[in-house]
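The chains referred to below are lettered A, B, ... by the order of the sequence lines, with proteins before strands, and numbering in each begins at 1.
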There are 2 protein chains.
Amino acid sequence: MNKKRMTSKELAKLAGVSSATISRAFSPDSRIGDATRERILAVAREHGYQPNAIARSLNNQRSRLVALVVNAIGNPCEAEEQQLLVHRLQARQLLPIILCCADHDDRLQLMRLASTYQVDHVVVFSDMVSMQDAVDIFRTTKPIIVSFEPLEHKSVSNIRIDGSAAADEIVDKIVKDGKKRFAYMTGTNSSWIDKLRRQWFSEALAKRGLKFEASAFGDYTYDSGFKESVMLIHRDKVDAIICGNDVMAIGARDAARRVLGKTTPTDIAIVGQDGIAMAAWDCNDLTTLSLDHVAFIDAVMELIERHEEDLEGPHSITLTCTARWGSTA
Amino acid sequence: MNKKRMTSKELAKLAGVSSATISRAFSPDSRIGDATRERILAVAREHGYQPNAIARSLNNQRSRLVALVVNAIGNPCEAEEQQLLVHRLQARQLLPIILCCADHDDRLQLMRLASTYQVDHVVVFSDMVSMQDAVDIFRTTKPIIVSFEPLEHKSVSNIRIDGSAAADEIVDKIVKDGKKRFAYMTGTNSSWIDKLRRQWFSEALAKRGLKFEASAFGDYTYDSGFKESVMLIHRDKVDAIICGNDVMAIGARDAARRVLGKTTPTDIAIVGQDGIAMAAWDCNDLTTLSLDHVAFIDAVMELIERHEEDLEGPHSITLTCTARWGSTA
DNA sequence: GGCATTTGCGTAACCGTGTACACAAATCTT
DNA sequence: AAGATTTGTGTACACGGTTACGCAAATGCC
């Protein structure tokens, strides 16, 4: 059967010291003789002892756990950032706990559960939970929330994303190509991030005396992009579709090409958002409003580090998007 | 500033009871009067009290944390399973800690770190860590390991995957189409799962007096699939490529079509493995050796539940793959 | 109504570490 | 060499909950 884990007291007996000295041997800067430390670490290695992080967390008031609130794991538009962030956290000996909102009926209860684990930080990637809810739930614990929602809140650090310049650039090119009837395909009907993105393009259109002639409501998936764009092209006769993310844009491109026999960018312009790696694949070659993932995660880590060092007050960082050109617009 | 979290003693004072009674109010079946419990829960709600999971874990010897050892998060071939599993774990109030091996230089140290958190279960998806290492590191704690490595081990439950029948079916079709020169493109050079998959196809070929005429070494990415297949087709004149996963197969298909002007399945047959959703997209339409993700995660949860109920002994479950037909073979 | 049993709750001892405090030994002053 | 300081270690308690134990009150039984 599985052996029980050894405690510091047991190891203390084996090494002929007190359990306090064991603890000191594992704390980098504490008053302990070099010889004693060496001996203890040797005995510990021999018996496979390692301090219990749960007990340490209880005492320290620091769990070294980080809650990542995400929509889904499989979704490519978030996955690249998640991967980068997890990597960076691990490098700092922080362990990520994933909270997956997508198909969990009670997201708030899920966050409450995570909050009982005394996580040190919370990163909210998901736009399915409101910042206010996150603040309420994690209010009692030390963490700050790294959120992208552009709402001001006194105890929340956040990252602003500005894509208006890139959207303007993209619209400019499409209009110069002679397109006139634009449509916007959203990923969720209630998401503030989707609203924000739409707004960048709306403003770029308005500047040129244009507006969105039609809208479609997808769910960020390839299938929804495929299906909705058939409607947009067939019924609304649009010749430019701005999609809420890259995956829907790929679906839209496939629909335009395969079902309706259109080619991009000649007959129709299709634009994605996110700038995922897959968008640059030869078979996709998508024009997309892209955010530099590395810069993004750098910003998140910057906020986390500030919080680790107990620098007071909420901080805010703004990032700008760029246009990434493919053959679809 | 952030308030400190309320403790059971503080709540006890507010409710006029002892801290033990607070604890009882939160344990479903313990000797406590209905009226008292109601009153305590009301006061707790009012003040936002929730028991500290870290302290509870220390006492219980049960953390309700599960370590998921994965290669990467973004990689679509694992992502769908990860998403499903996280969802199922959350439904059981278990929180997943992600250990991402891909670009972490010291995977073993990462696992040791996680083991100090007294995780209840460990699920090893990654083929970058050997089962023996996982067993050694998590030996002292209660968890079992759910691994797919077909190695027998007295303290490890595992899931076997058998794709030999499906591989046979696929090879049969390709050979009947007149193809003669097969190549295998592996994703990692040292992975047992890749060896296993290759073996299924090798045996199917051997049965027909054939063998792999060439090999390529990719890294599970689109780019490597693209690049390596150019070599295979150009240098080795193969007319059938079996890829270690779907993403490389899509890369190979693009290379064959765009760079070399070949069409599938007429000129060349290309086969993926995993059966990810993207493989079925209209633009891909890949023939792939596919594993039912839902059945797979059902099996993982089955093992976890058996372990939660302390059913002794390692368990083993075998799943079989099926062929999913597209236009590439 | 007397006795056995059950119910409801407080007391105190844990779970495994970290650390303030105390104190002896070693080292540094001049 | 006597006092001041530093160093190394043990003792005891805290972190926030759970639970075995004990005991009074309430309930059951004939």
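Between B/Tyr117 and A/Tyr117, the gap from one ring centroid to the other reaches at least 6.0 Å.
What separates CZ of B/Arg31 from P of C/dC9 is a distance of 11 Å, to the nearest Å.
For the side chain to side chain contact (heavy atoms under 4.5 Å, CB included) criterion with A/Leu68, the lone passing option out of A/Leu85, A/Leu99, A/Ile73, A/Ile97 is A/Leu85.
The main-chain N or O of B/Ser316 is never found under 3.5 Å from a side-chain atom of B/Asn158 such that the two would form a donor-acceptor pair.
By the salt bridge (charged side-chain N to carboxylate O under 4.0 Å, His left out) test, B/Arg37 is found to be paired with no residue, residues two or more places apart in sequence or in another chain being considered.
Between A/Thr116 and B/Asn52, every side-chain heavy-atom pair lies at or beyond the 4.5 Å cut-off. A heavy-atom distance below 4.5 Å is not found between the side chains of B/Glu81 and B/Leu84.
Side-chain contact annotation: B/Glu308 with B/His121, donor-acceptor N/O pair under 3.5 Å present.
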Report the C-alpha separation of A/Arg107 and A/Asp133 in whole Å, then their side-chain angles, then the decisive distance to 0.1 Å, and conclude whether the salt bridge (Lys or Arg N to Asp or Glu O under 4.0 Å) test is met.
CA-CA 10 Å; A/Arg107 298 182 258 284; A/Asp133 285 338; over 6 Å; no

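B/Ser57 comes within 4.0 angstrom of no nucleic acid atom, judged by non-hydrogen atoms across all strands.
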Walk along nucleotides 13-18 of chain C from 5' to 3' and tag each nucleotide B, S or - by protein heavy-atom contact under 4.0 Å, base first, then sugar-phosphate.
-BBBBB

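Note that the first and last nucleotides of DNA chain D, 5' to 3', having any atom under 4.0 angstrom from a heavy atom of chain B are D/dG16 to D/dG22.
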